Amino acid sequence: MTDTPPPRLSPDSIAIRAGRPDSGLAPTLCPSTTWVNPTLEDARRGALRPRSDRFYARYSNPTVRAFEDAMAEMEGAEAGLAFGSGMGAVATIVLALCSSGDHIVAQRQVYSGTQLFLQGVCPRFGIEVTFVDGTESGAFAAAVRPGQTMLVLAETPANPQLALVDLAELGAIAGPITVVDSTFATPIFQRPLEFGVDVVLHSATKGIAGHNDATLGVIAAELDLIHAVWSYSVLHGAVASPFDAMNGLRGLRTLPVRVRRQADTARQLALFLEASELAKSVRYPGLESHPQHELACRQMSGFGSVMAVDFAGGSDVARQFCEGVRLAKMATSLGGPETLVTCPALTTHAGLLPAELEAADITPGLVRISVGLEHPDDLLADFAQALAAS
Ligand SMILES: *Cc1c(COP(=O)(O)O)cnc(C)c1O
């Protein structure tokens, strides 16, 4: 449980001070995997207490715990739990809460790793998954089977076409545990728990750590739920490394300024691309042309750093753009300081079948752009020269 100081601070200020109870201002790295127990009774308590952070590192660790507490405070949750990656969080929460015979309702438009896990791994354990169109009003609730559906899993904004899910609708679903992957939004632009969602999940590898130097996942929720997930997680073992957790805390302090700058630049680039005749469509929740722009305004306080452009010329133009940018780099991942471009059909989603690609609206001409912290004018010039060469 995090003790939030009254009056409640804005996330910008929480980001500056959260997770660092010591007088040293920099996050402290505690790499120890084990701790000396003064008495046998202390050892017994350490072994039995959920998330003991001075017993054995797989149970928890002070640096990891500090990151978890900070993230809980950012999301307005009672507690957090960190993992070795975003996929570590997804896999752990599914296997912690679902057993053979259980049912999951999941969004069709999700991160490819999440989709492959739900599609390929869950059936092997007898967990049935129904995929729904997350943009369709009422689709999640309609697919819930009372007594059998354990989890409802959504991602918003979603990979890679920036589809949105109505958080208030999701929060109103009673029965199953609702989970929202809020990676694209970060806690600065969207706080799903305030809409009644049970669990918020992040790949902190992205914007939260924010410097492409940590592989990290995290969830935040009520304490009882965190303890329930932890009791499986400690056996599953996809735990966060203290070094990555430290980089998570380091990144968190500048998260608010980074994501606002990125969102400002993203909007400029989105408008520029939208005006190009080479682009068939540009998806960015901050554009009036986004089919769910009104929903974005209702549930997000900013629109993030990621956009998707569908080039009319298909994969040839997508390839030329990705290979033609100079300041931006061709690489996967998002939320870091460098602007990155990627062609999902040929990279992140290359494992999907053609029919699945079509169902997920991933066209050959689709380019995903993660806008970084370079000067917007330099990025505009870079994109212009890459398009001129196309
Ligand atoms: C990257 C990503 C993940 C997976 O996170 P890893 O840290 O790479 O395991 C999950 N969800 C979303 C939305 C992502 O972008």
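This is a predicted model, so every value here is computed, not measured. Every number for a ligand or one of its atoms is a count from 1 in the order of the listing.
- Counted by atom type alone, Gln115 and Asn159 present zero donor-acceptor pairs between their side chains at under 3.5 Å.
- Using modelled atom types, one finds no donor on one side chain facing an acceptor on the other under 3.5 Å when comparing Gln190 with Ser301.
- Within the structure, every pair that satisfies the ring pair (Phe, Tyr, Trp, His ring centres under 6.0 Å) test and touches residues 285-328, not counting sequence neighbours, is listed here: His293-Phe303, Phe311-Phe321, Phe321-Phe383.
- Using modelled atom types and a 3.5 Å distance limit, the side chains of Thr347 and Thr342 yield a donor-acceptor pair.
- Side-chain contact annotation: Thr254 with Arg258, donor-acceptor N/O pair under 3.5 Å present.
- Thr135 and Gln292 form no side-chain donor-acceptor contact under 3.5 Å, judged by distance and modelled atom types alone.
- Within 4.0 Å of ligand 1, heavy atoms belong to protein residues Ser85, Gly86, Met87, Tyr111, Glu155, Asn159, Asp181, Thr183, Phe184, Ser203, Thr205, Lys206, Leu334.
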